[in-house]
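See below for the structure under consideration.
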Amino acid sequence: MTSPRAPRRAPRLVTAAMAAGVMLAGLVLPAPALAADPTPSPSPSATSAVPTGTTVFTLSPVANGIVNPGDALSVSVSIQNGTEAELAPATVTLSLGRTPLADRDDLGDWLDGSSAELALEPIGTDTIAAVEPGGFQVRGITVAADDPALAGLAPGVYPLAASYPDAVGTVTSTSAMIVPPTGATDVGIGVVVPITAGPLSDGLLTAEQLAELTAPDGDLTNQLDGVTGTAAILAVDPAVPASIRVLGTSAPESALEWLSRLETIQNSRFALQFGDADVTAQLQAGLPRPLQPTSFTAYMSSSNFATPTPTPTPATSAPTPTPTAAPSDAPTTAPTPQPDSALPSTDELLVVGPATRQGAYWPADGTADEQIISRLADIATDDGTAPVTLIPSATTDAGSDGRTVSAHGRVGSGEVLVYDSDISAALDDASQQEEPWLRGAPLTTATAYLAFAAAETNGPLLVTVGRGEGRSRVELGAAISAAFSAPDVTPRTIATVAAGEAFDLELTGVESSPERADAASALVADESDLARFATILDQPPLLTGPERADILQLLGVAWIGDATWPTVLSDHRAATAGTLDSVALLPTSPSDLYGSSAALRFWVRNDLPYPVNLVLYTSRDNLRLDVQGETPIVATPQSNTRVEVPVQARVGRGDVTLTLQLRSPAFVAIGEPESVEINVYADWEAVGIAALAVVIGILLLFGIARTVLRIRRRRKGMATTPPPGAAEATDAGEERVSSTPDGDEP
């Protein structure tokens, strides 16, 4: 990242029309080494990337352009050929101006070719051989210490140029030569070096990523190697040590060794936001303060933090007890995992090492305005240290005018640490140049600006090497060394830089990104939805912890300018939406209900790797059916769980619509509601049969009663009326009696 002024203050080359681009960088090379092999053979594979169809001509002074009285001036000149045609041999002329540049503004104009033509004197020549397509040639030119061109030069920064003629005109590359003053008072300087893992979309680095980054040639190893033995101020992304610590004993050995080195070196340091998240975007999204990680429980396993139970030492003929030997009667057992309460806390995981300065914020270059600085200044620190915000000098009135700005300042109600944009941009360029014969150009630019800054400042200076990635230990070390080895400077820690007098500053040219603020706002809104959804878990941090870590990584400053960031952001939001849809009712279909009571069956889908706690709320649209309103559920991980809801049919027949809604124990709706049609067939058949049986029974009873009564009446009538013929028999008898002789009865 470079500040808004950086394009003007970065290393510049003046070339003819055929030279479409220039890549500047270099490593401090001793003059004898350069003389020993002044003309390396062409090697297209070693050539830095050059725009196709162009050539690049670079002047790189040796020793960062510093020439003390009595020293020789050594430079390298190189031509890189990005065309398909061979470049003809060229005679290069080295020229020096004997009048020093007046100030850093004149230096900038000279380097970018916008200054008036200066009076230069040729001081050396050499011939560069033909350059094949895709190749390069490097030559060294040395001006002896006793050369009249170097005699009598007063301290200052002098214009230096190399040029050669071609068919179109003259191709020129500009640089500078620095003659340091004698007896000047040293100025304190702090050099900020980020320790980061680059752009990430996941909350923490995996074991595989850590193994790669902490390998002997890994980026994290190179960063630590580059700062070891220097007084650099480390800006450490706490996501890096946290990624190692959460793995416990399963962390790669190289990562554990790297972490031990980080904790051992005594460089002053401060913690970046987790993932080097952009604080400006977060505050502009409406957050009251920058986000912090919440939990890393989801990343840790108790088995990786197990404490083995001591085992007894086998008995020998001559046992030798040691202070750590187990008692002779101690049982031999396997390692026992610690309870979860013994896992490291979030604060323990995020520690970045000793001598950490609290409350230091480093927003993306050129994005922090007065409001952002004031809001950051209101965030209290645990130790009472006043918060400070790191800003580039190009966003201050003085810095934008080409003047030097001392490190400690005040903008409104907030304190700031101002890093020099011109010096930092040049150091950033140098730290990303692989070729030593190119690296000298930006290192000389940084040293020249630093010479003016040391003479003009009224307090300590602060510079950075940028937030570049993929830098080797040599490239990074050369940039740090150039800052600390510049004339008249002495290293300072962040605490001493921030302890100086603070000067009032005005800001200008601050440009923030609405796109990133909108992205932060959308991510926070998604996180709120996920936090409500996570109430279905016994441990909600299993979901909310990784989500917060992912958000901070996605807002990392390293993503700025990366064309893939919108896609990565979209993928993450889609994944969050997928998580919110991971628990739901499976679609239901209409069903029939026979009988007075039954249990309706539904299914809950749980795609999460954790069991979830739910309550199924069921409501009806009419009174034909009684239904259980709340049914607790524990849905098993990554499976479908059956749910039975008891219902009771009332007397009646028809359709009933049931509305089903899953909710968490905190009454948060989970998934969309489902509706199911139930066709109710109440027990009309049984009722009808019973009614018919009653009617038949009544009819039978009525018939029986009627028959009985009829019989009784008949019998009663027969008892009171003589049967037919009985009267005739009586009369005949009487006649027989009356006809007996003598009138006697028979």
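Count residues from 1 along the sequence. In what follows, every heavy atom counts, from backbone to side chain, and hydrogens, waters and symmetry copies are set aside. Keep in mind the model is a prediction, meaning the values are calculated, not measured.
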Taking the side chain as everything from C-beta on, heavy atoms only, tell me whether [X] gets closer than 4.5 Å to [Y].
X	Y	answer
E434	E475	yes
V557	I560	yes
L417	I494	yes
P460	T496	no
L118	L101	yes
V67	V143	no
I66	P180	yes
L450	I189	yes

Looking at E86, I'd like to know if its CD atom is crowded, meaning that more than 12 non-hydrogen atoms belonging to other residues, nucleotides or ligands lie closer than 6.0 Å.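 It does: E86 CD has more than 12 such atoms within range.
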
Are there more than 12 heavy atoms of other residues, nucleotides or ligands under 6.0 Å from atom CD of E212?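 No - once you tally the heavy atoms of other residues, nucleotides and ligands closer than 6.0 Å, there are 12 at most.
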
[X] side, atom [atom1]; [Y] side, atom [atom2] - distance, nearest 0.5 Å:
X	Y	atom1	atom2	result
M177	L94	CE	CG	10.0 Å
I141	I128	CD1	CD1	7.5 Å
Y361	L390	OH	CG	12.0 Å
L427	L443	CG	CG	7.0 Å

Does the [X] side chain pair with the main chain of [Y], one donor and one acceptor, at a distance under 3.5 Å?
X	Y	answer
S78	V138	no
N81	T55	no
S421	S393	yes
D401	R403	no
W110	S175	yes
W258	L220	yes
T221	T214	yes
Q223	T196	yes
S481	G477	no
D278	T280	yes

Does R516 make a cation-pi contact with W559, if we ask for NZ or CZ under 6.0 Å from the ring centre and within 45° of the axis?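 Not flagged: R516 not positioned over aromatic ring of W559.
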
Just checking, any donor-acceptor pair under 3.5 angstrom between side chains of T567 and T564?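 No, no side-chain donor-acceptor contact under 3.5 Å.
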
Please find the pair of heavy atoms, one from [X] and one from [Y], that lie closest to each other, and give the distance.
X	Y	value
T230	V227	OG1-O, 2.7 Å
P61	V75	CA-CG1, 3.8 Å
A498	R357	CB-NH2, 4.0 Å
D488	D186	CA-OD1, 3.2 Å
S95	P122	OG-CA, 3.8 Å
L210	P252	CB-CG, 4.4 Å

Reference residue I391; test side-chain contact (heavy atoms from CB on, under 4.5 Å); the match among V405, V418, V510: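 Result: among V405, V418, V510, V418 is the only option passing the side-chain contact (heavy atoms from CB on, under 4.5 Å) with I391.
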
Please list all pairs meeting salt bridge (charged side-chain N to carboxylate O under 4.0 Å, His left out) that have one or both residues in residues 222-231, counting only residues at least two apart or in different chains.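 As it turns out, the salt bridge (charged side-chain N to carboxylate O under 4.0 Å, His left out) pairs with a partner in residues 222-231, which skip direct neighbours, are D225-R261, D225-R473.
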
Taking the inter-plane angle between the rings of W362 and Y419 on a 0 to 90° scale, is it parallel (under 30°), tilted (30 to 60°) or perpendicular (over 60°)?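 Geometry flag for Y419 against W362: perpendicular rings.
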
Yes or no on side-chain contact (heavy atoms from CB on, under 4.5 Å) for V240 and L262, after CA distance, side-chain angles and deciding distance? CA-CA 11 Å; V240 176; L262 176 68; over 6 Å; no

Excluding sequence neighbours, so at least two apart, what forms side chain to side chain contact (heavy atoms under 4.5 Å, CB included) with T404?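 Only R104, A453, E456, T457, L461 meet the side chain to side chain contact (heavy atoms under 4.5 Å, CB included) criterion with T404.
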
